[in-house]
Amino acid sequence: MRRHRKSVWTNSITSLTIAVLAGISLIMITALLLAVVMYCVLGDMKVSAIFSIIAMVTGTYASTYFCGKFRRKHGLTEGIMCGVIIYTLIAICGIIFLGELTGIKKLVLLTVSGAVGGVAGVNSKRPKNFTE
């Protein structure tokens with residue numbers, strides 16, 4: 001008789017932790033790639049604010065999309081929670097390294113992109129060979 005093993009996506013805390021860690025790593029990778037583009041191709045720092053926004057939105061959206069895709073429920077609330085947690089981590093790093101708190105605009109931006117990614121992930125096709 002075969003044992004039924006549960007997926008890591010059945011527990012909400014585990015899935016949020018995985019999504020937040022994936023989001024932070026995607027934000028860092030995207031920011032690094034955009035910094036290389038800014039340094040090598042553009043040669044000036046005028047678009048650094050836009051590139052940082054792109055990196056944050058991309059990382060948060062992608063992480064909550066996959067969380068919603070594999071969880072298949074509560075995409076809006078878990079997307080908002082992921083966005084708030086990612087904002088909290090970014091704010092803590094801002095306090096540690098820059099000595100100032102990040103603005104409320106980033107919270108709104110990360111919350112909205114997390115909510116959109118979670119809803120899009122829940123409403124996407126079910127992954128192949130995925131059983132709970």
Minimum heavy-atom distance between [X] and [Y], given as atom pair plus value:
X	Y	answer
Ile86	Ser63	CD1-OG, 4.2 Å
Ile27	Ala55	CG1-O, 3.6 Å
Leu16	Met81	CD1-CE, 3.4 Å
Leu109	Met56	CD2-CE, 4.3 Å
Lys73	Val122	N-CG2, 4.0 Å
Gly121	Ser124	O-OG, 2.7 Å

Review item, side-chain donor-acceptor pairs of residues 28-35, under 3.5 Å, at least two apart:
| residue | atom | partner | partner atom | Å |
| --- | --- | --- | --- | --- |
| Thr30 | OG1 | Leu26 | O | 2.7 |

Working to the nearest 0.5 Å, report the span between [atom1] of [X] and [atom2] of [Y].
X	Y	atom1	atom2	value
Ile80	His74	CD1	NE2	13.0 Å
Ile53	Thr58	CD1	OG1	11.0 Å
Ile24	Cys93	CD1	SG	7.0 Å
Lys105	Leu110	NZ	CG	14.0 Å

Test item: [X] and [Y] side chains (from C-beta on) under 4.5 Å apart, heavy atoms:
X	Y	result
Thr111	Val84	yes
Met38	Val47	yes
Val116	Tyr65	no

Can you confirm whether more than 12 heavy atoms, excluding those of Ile13, are under 6.0 Å from its CD1 atom?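 Not more than 12 within 6.0 Å, no.
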Are more than 12 heavy atoms, taken from residues, nucleotides or ligands other than Ile95, located less than 6.0 Å from that residue's CD1 atom?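 Correct, the count exceeds 12.
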Worked verdict on Thr60 versus Tyr87 for side chain to side chain contact (heavy atoms under 4.5 Å, CB included): CA-CA 10 Å; Thr60 306; Tyr87 170 78; over 6 Å; no
Output yes when a side-chain donor or acceptor of [X] lies under 3.5 Å from a complementary backbone atom of [Y], and no otherwise.
X	Y	value
Thr64	Gly79	no
Tyr61	Ala115	no
Ser52	Ala49	yes

Hey, any chance Ile90 and Ile104 share a hydrophobic cluster, counting ILVMFWY side chains that come within less than 4.5 Å of each other, even indirectly?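 Yes, Ile90 connects to Ile104 through the hydrophobic network.
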